[in-house]
Structures are given as structure tokens and as C-alpha cells.
Amino acid sequence: MREIRCEIDTEYRGTEALADLAWRWLTEGAERLEEESFPAVLDSTGQVEESLKKSVPCGPPGSLWGFLSAHIVGRGRISRRSRVLTRKNLPMLREWLALDVQLTETAVYRLDDRGMPGDQLLRMSVARDERRFGPAAQASMTELLRDFSQEMDPSYAQVGYGLSLGRTEHEERVGPPLPPKTLPDSRRLLRGYEWLMVIPREITQQLGGRDCIAAAGDFHRVETLRDGAVLLQVTPEFGGFTGEAIERTWQLVRPALRPGMPKRFDSDAVRPPSRIWYADID
């Protein structure tokens with residue numbers, strides 16, 4: 001029999017939102033797909049916790065058995081935690097989801113005549129592709145951008161979501177929509193603003209210099225580069241650039257932005273979360 005896979009790919013809006021959705025997917029979703037076996041395995045008796053670590057029978061032959069597992073990132077390492085799937089152990093899953101989780105799974109099996117996992121009735125999982133841009137990758141990209149910006153005297157630089165045609169989100173929503181139209185003026189008008197950005201020296205001076213930029217908000221990192229540009233990192237991590245952090249950044253750079261009210265698109269519901277402030281500079 002071929003395995004049938006049901007999959008949803010989406011952008012998540014913060015760790016807390018992901019944890020809530022993941023919990024519902026792994027529990028409510030499991031119960032909806034296996035409305036008899038999932039509740040039944042939670043109340044099963046005779047399950048052997050040691051079966052997750054040793055090759056021993058998991059429980060009585062023919063009974064239901066399952067597990068919870070999570071791969072959690074911490075101190076630069078990934079550790080795996082697992083428990084037998086029972087109603088008593090289920091709250092552990094909620095605790096794990098509040099941590100820096102890379103992969104979480106629940107599974108239900110019918111044990112064979114030896115008490116070992118036989119037919120797989122259900123396997124649910126949630127994986128975070130954002131780990132590919134986790135703290136270590138963010139730090140590496142920050143230093144790469146900084147080091148090259150030290151040599152180039154950039155007119156603008158940023159780390160943000162990739163948009164078509166090389167546009168920043170400000171260009172896409174305010175315009176002009178094509179970078180060739182904004183690049184010639186990029187030492188006078190910022191192309192955009194992001195979690196990590198380089199403000200060119202001309203606009204740095206316009207904003208009052210490095211000290212004025214640092215005093216304008218509780219920014220994580222404000223560093224003057226060799227030719228007078230400023231490297232601005234708004235929050236410690238990429239995912240923290242939301243809400244109030246976006247507004248603080250907009251308030252800082254608004255004198256150097258092209259005027260116009262940002263547009264909203266019908267496709268916003270399926271796009272990466274917007275990372276600009278919805279107001280005109282006037």
C-alpha cells in the first residue's frame with residue numbers, strides 16, 4: 001500500500017502562533033483523522049516507556065501504541081526528546097512546542113504479535129524550515145553583510161524576504177516598482193528598511209549621524225562602517241522584526257523614504273508577513 005501524505009506549507013507569524021497551530025495540527029488533526037484510534041491510544045494501558053530506547057516489546061500484542069517526539073535546538077545542538085503517547089504524557093508536547101523546535105511528531109501504531117510496532121495508523125509532523133535561517137545563519141549573514149559593506153561604501157543593503165525583480169517591500173508597495181528607478185536616488189532616498197540594513201553615509205548624515213540613530217530607538221545594534229554608513233540591526237533575531245519594531249524603524253527613516261501610502265494586495269494572505277509600516281510619511 002502506498003503512503004498518502006497530506007501537507008500544508010505556510011509562513012508562520014511568530015513562534016507563539018506556530019506553537020498554537022502545531023498543537024492543533026498534532027492533536028486535533030490526529031483525532032479528526034483517527035477519531036477512534038487516537039483517543040484510544042491516549043487511554044491505553046500496558047505501554048512500555050523503555051521501548052523508545054531499547055528494542056523491547058512496546059505493549060500487549062494487537063494493542064495500540066504511539067509516541068511523541070521533538071527535535072529541539074539549544075546551545076548550538078539539536079537534542080531529541082520522546083515519550084510514549086499517553087494522555088499523561090501529551091502535555092509534554094505543548095511544553096516542547098514553546099521551545100526552539102525544529103521537528104515535532106506524533107504517531108500511532110497497531111502492535112504486531114510480538115508486541116512491536118506493526119501497521120502505522122497515523123503519523124503527524126510539523127517541521128520548521130525557518131531553522132535554515134536560525135540564529136547561527138542570521139549571525140553569519142549579518143557579519144557577511146557587514147564585512148562587504150565595509151569595503152563597498154554601499155548606497156543601501158538589507159536582509160529581508162526575497163521579492164521578485166530584486167525589489168524591497170517599500171519599492172513593491174510604495175514604488176517605483178523597479179529597482180533601476182530607485183537605485184539612482186538611493187543615496188538621497190532609502191530603497192526600503194528591514195530587520196538588518198545599511199543606511200548609506202549620506203542618509204546617515206541626514207538623520208543626524210550614528211548617535212542620533214542609536215538614540216531614536218531601542219535598536220539591537222548600531223555600528224558605523226568605514227566610510228560613514230551605519231549598519232542597523234533592529235532586533236536580535238529576524239523573526240522579532242514585527243509590530244512595534246517595524247514602527248520604530250519607520251519613524252527613524254521616514255525623512256529619507258519616498259512618500260506614498262503602501263498598497264495592500266489580494267495575495268497578502270498567502271505571502272510572507274508584511275514587514276513595513278502602513279502609513280505615509282506625510
Side-chain angles (χ1 to χ4, degrees), residues 130 132-242 245-260 262-263 271-277 279-281:
E130 191 75 11
R132 288 182 287 181
F133 195 50
Q138 291 173 32
S140 296
M141 191 170 288
T142 299
E143 294 310 309
L144 178 68
L145 187 75
R146 175 193 177 277
D147 292 348
F148 275 79
S149 295
Q150 286 277 31
E151 300 180 22
M152 294 182 179
D153 185 24
S155 63
Y156 183 66
Q158 73 167 36
V159 173
Y161 286 116
L163 301 175
S164 62
L165 304 176
R167 295 175 289 192
T168 68
E169 188 171 6
H170 188 74
E171 289 170 338
E172 183 180 61
R173 294 182 180 272
V174 175
L178 298 176
K181 298 290 186 180
T182 57
L183 282 167
D185 294 325
S186 56
R187 293 192 181 275
R188 182 177 64 88
L189 293 171
L190 277 174
R191 293 184 57 208
Y193 52 99
E194 251 294 350
W195 162 74
L196 179 69
M197 59 187 293
V198 174
I199 303 172
R201 53 186 168 82
E202 294 85 356
I203 296 178
T204 293
Q205 293 168 4
Q206 179 185 343
L207 298 177
R210 185 265 176 205
D211 290 344
C212 285
I213 291 173
D218 185 21
F219 299 121
H220 178 68
R221 180 176 179 180
V222 182
E223 179 180 350
T224 302
L225 303 182
R226 188 182 65 186
D227 291 310
V230 161
L231 177 82
L232 175 65
Q233 183 178 346
V234 180
T235 58
E237 294 193 11
F238 182 81
F241 189 64
T242 59
I246 295 173
E247 183 183 12
R248 270 191 292 125
T249 310
W250 175 79
Q251 291 286 2
L252 166 68
V253 302
R254 60 186 293 190
L257 290 174
R258 194 176 301 273
K263 300 180 180 70
R271 292 159 56 96
S274 181
R275 293 162 71 90
I276 65 170
W277 193 248
D280 201 336
I281 64 171

### Query
Where do L252 and L232 come nearest, in terms of heavy atoms and distance?
CD2-CD2, 3.8 Å
Output a table of donor-acceptor pairs, distance under 3.5 Å, between side-chain atoms of residues 173-180 and any protein atom two or more places apart or on a different chain; print 'none' if there are none.
from, atom 1, to, atom 2, distance (Å)
R173, NE, E169, OE2, 2.7
R173, NE, Y278, OH, 3.2
R173, NH1, K263, O, 2.8
R173, NH1, D268, OD2, 3.4
R173, NH1, Y278, OH, 3.1
R173, NH2, D268, OD1, 2.8

### Query
Could you give the distance from NE2 (H170) to CG (L190), rounded to the nearest 0.5 Å?
8.5 Å
### Query
Out of curiosity, R275 CZ to T168 OG1, how far, rounded to the nearest 0.5 Å?
13.0 Å
### Message
Once rounded to the nearest 0.5 Å, what's the spacing between atom CD1 of I276 and atom CD1 of I246?
### Response
8.5 Å
### Query
Sequence neighbours excluded, which residues qualify as side chain to side chain contact (heavy atoms under 4.5 Å, CB included) partners of S140?
none
### Task
Looking only at non-hydrogen atoms, find the nearest pair between I199 and M197 and report the distance.
CG1-CE, 3.8 Å
### Any donor-acceptor pair under 3.5 Å from Y193 side chain to Q158 backbone
no
### Message
Could you report the tightest heavy-atom contact between D280 and G260, atom names first, then the distance?
### Response
OD1-N, 2.8 Å
### Query
What's the spacing between E247 CD and T242 OG1 if we round to 0.5 Å?
12.0 Å
### Query
Rounded to the nearest 0.5 Å, how far does CZ of R258 lie from OG1 of T182?
6.5 Å
### Message
Tell me every residue that passes side-chain hydrogen bond (donor to acceptor under 3.5 Å, both in side chains) with S186, counting only those two or more places apart in sequence or in another chain.
### Response
S155
### Summary
NZ of K181 to CZ of R191, rounded to nearest 0.5 Å, is 14.5 Å
### Task
Check salt bridge (charged side-chain N to carboxylate O under 4.0 Å, His left out) between D153 and all other residues, then give those that pass, not counting sequence neighbours.
R187, R201
### A229 backbone acceptor or donor facing T204 side chain under 3.5 Å
no
### Query
So, does W195 use its side chain to make a donor-acceptor pair with the main chain of G160 at under 3.5 Å?
no
### Query
Looking only at heavy atoms, what is the nearest atom pair of T249 and V234, with distance?
OG1-CG2, 3.3 Å
### Task
Please identify each residue that fulfils side-chain hydrogen bond (donor to acceptor under 3.5 Å, both in side chains) with Q251, with sequence neighbours left out.
R254
#### Entry: Shortest non-hydrogen contact between Y161 and E194, atoms and distance
N-OE2, 4.2 Å
Review item, side-chain donor-acceptor pairs of residues 211-223, under 3.5 Å, at least two apart:
from, atom 1, to, atom 2, distance (Å)
R221, NE, E223, OE1, 3.2
R221, NH1, E143, OE2, 2.9
R221, NH2, E143, OE2, 3.4
R221, NH2, E223, OE1, 2.8
E223, OE1, R146, NE, 3.2
E223, OE2, R146, NE, 2.6
E223, OE2, R146, NH2, 2.8

### Task
May I have the step-by-step check of side chain to side chain contact (heavy atoms under 4.5 Å, CB included) for L196 and M141, ending in yes or no?
CA-CA 10 Å; L196 179 69; M141 191 170 288; 5.7 Å; no
### Task
Kindly give the heavy-atom pair with the smallest separation between L225 and S149, and that separation in Å.
CD1-CB, 3.6 Å
